[in-house]
Amino acid sequence: MPTLRRLSKSKLVDVNDTLIQATVKIDDGCDWTAWNAWKMREKYRMRNGIYEPEPPRPRVAPVKIEPIKKPRKRGYRVVQKAIGAV
(Lines give C-alpha, C1' and ligand atoms only; values in the text may rest on other atoms or scores of the structure.)
Protein backbone atom coordinates (compact mmCIF):
# COMPACT_ATOMS: atom_id res chain seq x y z
CA MET A 1 0.00 0.00 0.00
CA PRO A 2 1.60 3.30 -1.03
CA THR A 3 2.30 5.92 1.61
CA LEU A 4 2.25 9.24 -0.18
CA ARG A 5 3.99 12.36 1.15
CA ARG A 6 3.98 15.82 -0.36
CA LEU A 7 7.45 17.07 -1.28
CA SER A 8 6.31 20.32 -2.82
CA LYS A 9 3.08 21.90 -3.99
CA SER A 10 2.86 19.72 -7.07
CA LYS A 11 4.91 16.61 -6.14
CA LEU A 12 3.64 13.56 -4.24
CA VAL A 13 6.01 10.62 -3.59
CA ASP A 14 5.58 7.11 -2.23
CA VAL A 15 7.97 6.96 0.78
CA ASN A 16 8.07 3.13 0.73
CA ASP A 17 9.49 3.07 -2.80
CA THR A 18 13.09 1.73 -2.82
CA LEU A 19 14.29 4.38 -5.25
CA ILE A 20 12.93 7.14 -3.02
CA GLN A 21 14.51 5.58 0.09
CA ALA A 22 17.87 5.50 -1.72
CA THR A 23 17.77 9.22 -2.54
CA VAL A 24 16.11 10.84 0.50
CA LYS A 25 16.32 10.41 4.27
CA ILE A 26 12.92 10.26 5.94
CA ASP A 27 12.63 11.17 9.64
CA ASP A 28 9.24 10.27 11.10
CA GLY A 29 9.70 12.65 14.06
CA CYS A 30 8.94 10.04 16.74
CA ASP A 31 10.89 9.35 19.94
CA TRP A 32 12.03 5.73 19.63
CA THR A 33 14.18 5.44 22.81
CA ALA A 34 11.61 3.63 24.96
CA TRP A 35 10.75 1.27 22.09
CA ASN A 36 14.43 0.44 21.46
CA ALA A 37 14.96 -0.40 25.14
CA TRP A 38 11.81 -2.55 25.07
CA LYS A 39 13.00 -4.34 21.91
CA MET A 40 16.40 -5.20 23.43
CA ARG A 41 14.70 -7.37 26.06
CA GLU A 42 12.63 -9.26 23.50
CA LYS A 43 14.41 -12.64 23.89
CA TYR A 44 14.26 -12.35 27.70
CA ARG A 45 10.50 -11.88 27.59
CA MET A 46 10.03 -14.75 25.11
CA ARG A 47 12.14 -17.11 27.21
CA ASN A 48 10.26 -16.32 30.43
CA GLY A 49 6.79 -16.10 28.87
CA ILE A 50 6.29 -12.47 29.79
CA TYR A 51 4.02 -10.32 27.65
CA GLU A 52 4.55 -6.56 27.68
CA PRO A 53 2.84 -4.42 25.08
CA GLU A 54 5.20 -2.21 23.13
CA PRO A 55 5.52 1.33 24.46
CA PRO A 56 4.14 4.25 22.46
CA ARG A 57 6.40 6.28 20.20
CA PRO A 58 5.21 9.86 20.73
CA ARG A 59 5.60 12.41 17.94
CA VAL A 60 8.12 15.01 19.10
CA ALA A 61 8.92 16.74 15.81
CA PRO A 62 7.33 17.14 12.40
CA VAL A 63 8.13 14.68 9.62
CA LYS A 64 11.26 15.66 7.66
CA ILE A 65 12.21 14.49 4.19
CA GLU A 66 15.68 15.65 3.17
CA PRO A 67 18.01 14.54 0.36
CA ILE A 68 20.88 12.19 1.17
CA LYS A 69 24.13 14.08 0.81
CA LYS A 70 26.46 12.50 -1.72
CA PRO A 71 30.12 12.11 -0.70
CA ARG A 72 32.50 14.57 -2.30
CA LYS A 73 34.38 13.15 -5.28
CA ARG A 74 38.12 13.50 -4.81
CA GLY A 75 40.56 14.15 -7.58
CA TYR A 76 43.07 11.52 -8.65
CA ARG A 77 46.10 13.51 -7.45
CA VAL A 78 44.63 14.06 -3.98
CA VAL A 79 44.08 10.32 -3.52
CA GLN A 80 47.58 9.51 -4.79
CA LYS A 81 49.09 12.06 -2.37
CA ALA A 82 47.13 10.56 0.52
CA ILE A 83 48.57 7.08 -0.06
CA GLY A 84 52.07 8.45 -0.71
CA ALA A 85 52.37 7.46 -4.36
CA VAL A 86 53.12 10.98 -5.70
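- A cation-pi arrangement is absent between R47 and Y44, since the terminal nitrogen or guanidinium carbon is not both under 6.0 Å from the aromatic centre and inside a 45° cone about the axis.
- Taken from CG in D27 to CD in E66, the straight-line distance is 7.5 Å, to the nearest 0.5 Å.
- N48 CG to R41 CZ: the interatomic distance, rounded to the nearest 0.5 Å, is 9.0 Å.
- Contact detail for V63 and D28: the closest heavy-atom pair is CG2-O, 3.7 Å.
- Counting non-hydrogen atoms of neighbouring residues, nucleotides and ligands closer than 6.0 angstrom, the CZ atom of R45 exceeds 12 such neighbours.
- A ring pair (Phe, Tyr, Trp, His ring centres under 6.0 Å) check over residues 13-34, counting only residues at least two apart or in different chains, returns the pairs W32-W35.
- One distance of note links CG of N36 with CZ of R57; it measures 9.5 Å at 0.5 Å rounding.
- Separation of atoms NZ (K25) and CD1 (I65) is listed at 12.5 Å; rounding is to 0.5 Å.
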